[in-house]
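Everything on this sheet refers to the single structure shown next.
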2 protein chains.
Amino acid sequence: MKGIRRLAEHLDVSIGTVSRALNGKPDVNEETRRRVLEAAEKLGYVANQSGRALRKGATGVIGFMMQTGREITGQGDTFFMSVFDGVQAVLARHKLDLVALLCSSEEDPDDYLKRMVARGFADGLILSATRRHDPRFEFLARHQIPFITLGRSLTDVGQPWIDLDFEGMAEQSVERLVKAGHREIGFVWPHGELNLGYVFIERCRQALARFGLILSEHHIFRTTPSEMGGYKVARDIKTIERPPTALILVNETLVTGLYRGLEEVGLQPGRDIAIIGRQSPHARFLSPTLTGFDLSLRDLGVALAEGLLSAMPAYAELYPKAPRQKLWPMTLIEGESG
Amino acid sequence: MKGIRRLAEHLDVSIGTVSRALNGKPDVNEETRRRVLEAAEKLGYVANQSGRALRKGATGVIGFMMQTGREITGQGDTFFMSVFDGVQAVLARHKLDLVALLCSSEEDPDDYLKRMVARGFADGLILSATRRHDPRFEFLARHQIPFITLGRSLTDVGQPWIDLDFEGMAEQSVERLVKAGHREIGFVWPHGELNLGYVFIERCRQALARFGLILSEHHIFRTTPSEMGGYKVARDIKTIERPPTALILVNETLVTGLYRGLEEVGLQPGRDIAIIGRQSPHARFLSPTLTGFDLSLRDLGVALAEGLLSAMPAYAELYPKAPRQKLWPMTLIEGESG
DNA sequence: CACCAGATCGTAATCGTTTTCGAAACCCTA
DNA sequence: TAGGGTTTCGAAAACGATTACGATCTGGTG
């Protein structure tokens, strides 16, 4: 005999009463409730979640899907770690727990998501690494699973999303560099299916146009979002016709490699070439320190959680004012690199 | 009508047969099995995991507990992501899935673990960030939950563990530096409850003694395992009596900050001060590149998974030769820093 | 005393699976 | 044809919780 039944027998009450007592239901004598709570504590009883989830049709777990291997997302681990903190702060208020669903780099993200949904241990999902076309959105919408995405996609099914304001970043970066006299600006675009690159480059193109400049294709440096990717960019710069005098990086993860590469070809960031990128714990201590866009990762996590909850029927009324789709502002922190 | 029952009715067979067909049980006609599989595919049926877990008493999920906020673990950006990849490669063979259990920096790890165990969605656990005294070990042992730890602890309950070979690292580092003529060696020890620091420092002490040197207390630099922590160390170096001519870092996460700090006090790694640390994607591209200890993170993940499985009754016989407790070797990669 | 309302609690159905057990059907052999 | 062995499948009992419903009891009121 195990579980709630054991507890009930030990107390000589019915399992129904035990359940009600434990769950704070009203129709149970306060004295009885006290005894139940006490015995549960003493015997170390905790409700079996499978039974509970089966009956209630909900698990109390929120899943954050991410890809293992940062070459895919272009974000460092610490990026997500900080976001998690914010998400959890909100979820804890509702006794919800957060787990990370780790999609191996060897598995197709769409298949992976299907498996996880089938497992059914999440009442709601947060998706990251959104692709230009992302079938996951349609899948979740079809299965009526509440979710929010960190990042947009052309595949918009009306779900809430929050995305970093790459448009704003593009505008500000270009304006800053052009006003500083730069005419040949390079853009590092970690290629892949991720949507953010497209958004970013397109807006850069527009921003340049406003100054009468056109974005030349060979000023777009496609590479992988890794240190090695950044390193290679530095090499490539020297080989092209009119080398850029400034570089904009949309990812966090390229900068150390880029710095090293530039050093090897004899260019010093901030003096010989201007660099604007994204802030990170590393970037602030590089030499020269990076000029880059910063954001509050924890607050971003809070907003994600609130956005998700507002999409879950059981919690929606608590978060009426959570904006459904929102660009997350970033602010430029001046460093020594540009 | 939902779930397996709907499928059964649609096919006009019993739910028992459907279950057996889906689970590859032998006593079902191959023709019937084909029909069931086909219908399941067509109707998009996937077994409800709560019901399944309730009945089977197992969830098919492995949990990897980690703390959000790298200042706690002292591991770099990609450390865990790479380990995950290895773990999943093994687990996938057994249709097990890996999720990360994210302990917020605001919550007590011991309480958190209890909650997660109560939730009961993991058949086995991998623990990281092991502390000098770690009550989690005893808790899991008491509840008979299979687990393995990445890192040792004084609280050893005989569970399998794998730990990085900090002893070997200490030996080799000290020997290398002493043979290069260094007599004043500094040790950066991110203080905190983590066990690894104690192990490392103790072995460094022994290694020094072998050369007739004694480890002076003010050559131990206690700090936080973050960029800022490394930065501060550089400052502190200048203030002490006999400043070290070499520095050993046990963590990945300090090096960029340390480099910056050293630059500001006019010391160049590799020329004015030798640095030995841990390799990471960043470290290879720093300038000067880091001399540091490297390891195969993916293989480490594989070993962790195998060690865990060998502790789980249902899989133990498949992994008879997985060593129960093992130091994971690291190899020194020479860089420019020392 | 009869009656009712409210408090408290037990009974039993239910959630969706897996799995045991036995029944039915079939083939084969003596 | 009887009997025995194989396949194949259905019925039903778990697994551990939640909850609707109804039963019992208490105390108060007319």
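Reminder, nothing fancy here: chain letters follow the sequence lines and each chain counts from 1.
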Q: Give D27(A) one of three labels, base, sugar-phosphate or nothing, depending on what nucleic acid heavy atoms sit under 4.0 Å from its own.
A: base
(Q) For E107(B), is the CD atom crowded, meaning more than 12 foreign heavy atoms sit under 6.0 Å from it? (A) yes
Q | Residue whose nearest DNA chain C nucleotide is more 5′ - D12(A) or S50(B) | A | D12(A)
(Q) Whole angstroms only, please: what is the CZ-P distance between R34(B) and dC9(D)? (A) 13 Å
Q) Side-chain donor or acceptor of R52(B) under 3.5 Å from a matching atom on the base of dT18(C)? A) no
Q. Over how many whole Å does the gap from R20(A) atom CZ to dT19(D) atom P extend?
A. 11 Å
Q) Roughly how many Å is it from CD1 in I4(A) to P in dT18(D), rounded to a whole number? A) 6 Å
(Q) Closer than 3.5 angstrom, by distance alone: can the side chain of R33(B) be matched with the main-chain N or O of K25(B) as a donor-acceptor pair? (A) yes
Q | Residue closer to the 5' end of DNA chain C, V46(B) versus P26(A) (nearest nucleotide) | A | P26(A)
**Q.** Value in whole Å for how far the P atom of dA7(C) lies from CZ of R33(A)
**A.** 13 Å
Q. Nearest of dG16(D), dC9(C), dT18(D) to any side-chain atom of N29(A)?
A. dC9(C)
(Q) Less than 3.5 Å apart, any donor N or O on the side chain of W328(A) or D299(A) sitting next to an acceptor on the other? (A) no
(Q) Is there, by distance only and without an angle test, a donor paired with an acceptor across the side chain of R55(A) and the base of dT18(D) below 3.5 Å? (A) yes
Q) Going by atom types only, do T149(B) and Q159(B) share a side-chain donor-acceptor pair under 3.5 Å? A) yes
Q. Atom CD of E9(A) to atom C1' of dG10(C): distance rounded to whole Å?
A. 14 Å
Q. To the nearest Å, how far apart are K25(A) NZ and dT8(C) C1'?
A. 15 Å
